[in-house]
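Notes to accompany the following structure.
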Protein chains: 2
Amino acid sequence: MEKEVVLDERKMKILQAIIKNYLETGEPVGSRTISKYTDLNLSSATIRNEMADLEELGYIVQPHTSAGRIPSDKGYRLYVDNMMLEREASLLNQEAKLADREKEIDEMKEFLTEKVDKVETLLQNMAKMLANNTNYATMISGPHLHKNKLKFIQLSEVEDGKVLCVMVLEGNIIKNKIIAIDEELDNEGILKLNILFNSTLNGLTLEEINLGIISRMNMQAGKQLNLARNVLEAVAEAITSEDDLQIYTSGATNIFKYPELSDSQRASELINTLEEKQLLTNLITDSESEEEKGIQIYIGNETPVKTMKDCSVVTATYELEDGLKGTIGVIGPKRMDYEKVVETLKNVKNQLSHAYKKEDTDGDL
Amino acid sequence: MEKEVVLDERKMKILQAIIKNYLETGEPVGSRTISKYTDLNLSSATIRNEMADLEELGYIVQPHTSAGRIPSDKGYRLYVDNMMLEREASLLNQEAKLADREKEIDEMKEFLTEKVDKVETLLQNMAKMLANNTNYATMISGPHLHKNKLKFIQLSEVEDGKVLCVMVLEGNIIKNKIIAIDEELDNEGILKLNILFNSTLNGLTLEEINLGIISRMNMQAGKQLNLARNVLEAVAEAITSEDDLQIYTSGATNIFKYPELSDSQRASELINTLEEKQLLTNLITDSESEEEKGIQIYIGNETPVKTMKDCSVVTATYELEDGLKGTIGVIGPKRMDYEKVVETLKNVKNQLSHAYKKEDTDGDL
DNA sequence: TGTTAGCACTCATTCTCTTGGAGTGCTAAC
DNA sequence: GTTAGCACTCCAAGAGAATGAGTGCTAACA
């Protein structure tokens, strides 16, 4: 009777060595390499036996008969779930890492202390920096507005029949919409509407406004009911239409640094996905549903975006202020430097929330 | 003594045939092909002689000894300057072209009649449509704001120490900025500032405001001088910072449809240029300085953007309203379908200005 | 004098064949 | 359980050789 093959500690070590080596070189790794590379002091023959087992268990694959092994998706998954933690605790390269980290944080702070008064610009800059630092493609989704509270709303007549509606949300995100109205509106009317809107709507989220706006307002509109209705509907529509997800991407061309991604077909699909940013919404939705995990790692087919099946994606959710949440993502080859990416993402996440709050209180907007 | 080689009519016809054939196939074209292709009824041997002359004149080149000829930049230039006009007048394919054109216009109108209240969205949509229709990469620059007149300006206090400044420009382009101020501002103060700003600044261009704002306003600020100064400076700065060029791109991945552009190196550079949109400002500046020509064609090295030296670029300047000008560009391989692109660009140009004016008058904003 | 047929020549492309090397799997010995 | 040794596989790189598209040149023709 065959002895059952199980994943013992030695196999783990060997697998880890294979993966680490492959992440560095991008080349299939052979038994001889591992034999020398590890402190296990085993001959290549022994390693070969173990590798055969690892392959049987599905953690590694052979591109072709006479080649070394490369990690399978399952292998990466094991690595990411179990082995990365250990390695993070190890002290190897710790100094170099710290230096890198500091440099990164400095760079971030540079962005954040520059007078960036628009969240849009800030996020775009962050995406760019992240892409530069990681050498992968990046994306950042703007905060979800529907959960964001309205801080201030103002109507003003720009010209006859056209009313400008400005909405300021928590975090000083500004949205505007020009609304066409049929009726005449005098200054007094506008003033009253402004007061009405501000007293009724402020502090509510867009979502809440959208749901209850009409009924709620009708009760208080009084003699201006007709007029208010018109504007109301327009505002409701304006709010709805402002509620779509902004997505910023950067570093799309970084994928050309990885041969396994840079053939025309794949590259074209990938870059197109990054250009047509809306194709990334799946990723954001999924990543946010897993939010409690903090950092989410998708390997190969796990990614909710089909065009990225040959990539790995690491995402994090940031929070600027209460409820002002968005997603950051790094897209690279499956052999990406998960450790570094995870660490960098944690940094960005912290910096983003921290800096934004600071910015919000010291008034240096 | 050698007889001087000149570009007679027959040579022109042959050159034209070569170029047209090359535009279609993308393959070097040989003498035999031309011999059959044209109505000149000349043997391939004769064509060969003529081709040798054309090469000597610099209109065509041979990729290698035993290959056919392809047009040189000089050849394309001649074609674009002289031959395209003739062909445009010809009736060949005219019907098919008309159908195409109609389809295109319909598609554009679809975009334009949809409620697109933001110029940003409109232009992004146009870029996308243009990319889809031409199969090349496209860019559109937003209108230059510094020549645009201020229509309406409004300050309002969002929270203590923070004032929201909303500017509406001609064409209902809305810009906002949150301004931090040290001093207290009561409602009355804001009201007065608003009146002051609107009466003084409306109708001026950002440029004009920027230049004369301080001196002009100081005269009328009266007792609020100190306060006004602060806000003024902030507004001036806001205006300046809003004055940078918006650029929208689309269809970057279309370049993968042309093998001569899709090797990693070139593709990466190109796509990067399109991603880092600011690298395109050269192109816009140059194209606008040549504006009187209507449509501008850059072939290969003529392009003011270095990374596009293997491409051709066709640009047009559009005008939404008085002074609201921007640039549209199509970026493709040198063997792009100049005729089609020029025609399409003319359409877009017309549609853009026409539709926008309509939008502006029928109130369906 | 312009045009053409014919021929030798060039050169990219494609194919096959060979070689080298990296790496494996298996077996037998320790 | 571990290891040395060996046969085997298969990719990658290189060398010819064949193919064929296309040219340049020359000599003959109208």
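Small disclaimer: the values here were computed from a predicted structure and weren't measured. Below, read A as the first sequence line, B as the second, and so on, with proteins coming before strands; counting in each chain starts at 1.
Sorted by first and then second residue, the ring-ring contact (aromatic ring centres under 6.0 Å, His included) pairs with a member in residues 253-273 of chain B read B:Y136-B:Y258; sequence neighbours excluded.
Counting to the nearest Å, the C1' atom of C:dT24 and the CG atom of A:L54 are 15 Å from each other. In this structure, B:E56 atom CD and D:dT23 atom P are separated by 16 Å, rounded to whole Å.
Counting only heavy atoms from C-beta on, A:R10 has its side chain closest to D:dT2 among C:dT3, D:dT2, C:dT24.
For B:E276 (side chain) and B:L279 (main-chain N/O), no donor-acceptor pair under 3.5 Å exists by modelled atom type. Remark: the backbone N or O of A:G251 is paired with a side-chain donor or acceptor of B:E275 at under 3.5 angstrom. At least one donor-acceptor pair under 3.5 Å links the side chain of B:E302 to the backbone N or O of B:I299. With B:S72 contributing its side chain and B:Y59 its backbone, the two residues share a donor-acceptor pair below 3.5 Å.
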Read 5' to 3' with Watson-Crick or G-U pairs under 3.5 Å, [ ] for crossing pairs and | for partners on another strand, DNA chain C gives ||||||||||||||||||||||||||||||

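One finds no salt bridge joining A:D310 and A:K334 here, because no Lys/Arg side-chain nitrogen approaches an Asp/Glu carboxylate oxygen to under 4.0 Å. Contact check on B:K306 versus B:E269 returns no salt bridge, with no Lys/Arg side-chain nitrogen under 4.0 Å from an Asp/Glu carboxylate oxygen. Between B:R77 and B:D81 there is a salt bridge, with a side-chain nitrogen of the basic residue lying less than 4.0 Å from a carboxylate oxygen of the acidic one.
Contacts with DNA chain D (heavy atom under 4.0 Å) in residues 40-53 of chain A: A:N41, A:L42, A:S43, A:A45, A:T46, A:R48, A:N49, listed by number. Against DNA chain C, the stretch residues 26-36 of chain B makes no heavy-atom approach under 4.0 Å. Less than 4.0 Å separates DNA chain D from at least one heavy atom of each of the following residues of residues 58-66 of chain B: B:Q62, B:T65, B:S66.
Here the closest heavy-atom approach between residue A:T303 and residue A:C311 is recorded as OG1-O, 4.0 Å.
Applying the salt bridge (charged side-chain N to carboxylate O under 4.0 Å, His left out) test to B:D39 and every residue at least two apart in sequence or in another chain returns nothing.
OP1 or OP2 of D:dT23 lies within a sub-4.0 Å distance of a side-chain N or O belonging to B:R69.
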Report task. Verify side-chain contact (heavy atoms from CB on, under 4.5 Å) between B:E339 and B:Y79, making sure each step is shown before the conclusion. Result -> CA-CA 10 Å; B:E339 246 178 291; B:Y79 171 77; 3.8 Å; yes

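The environment of A:K11 atom NZ is dense: over 12 non-hydrogen atoms of other residues, nucleotides or ligands sit within 6.0 angstrom.
B:T315 and B:T327 share no side-chain donor-acceptor pair at under 3.5 Å.
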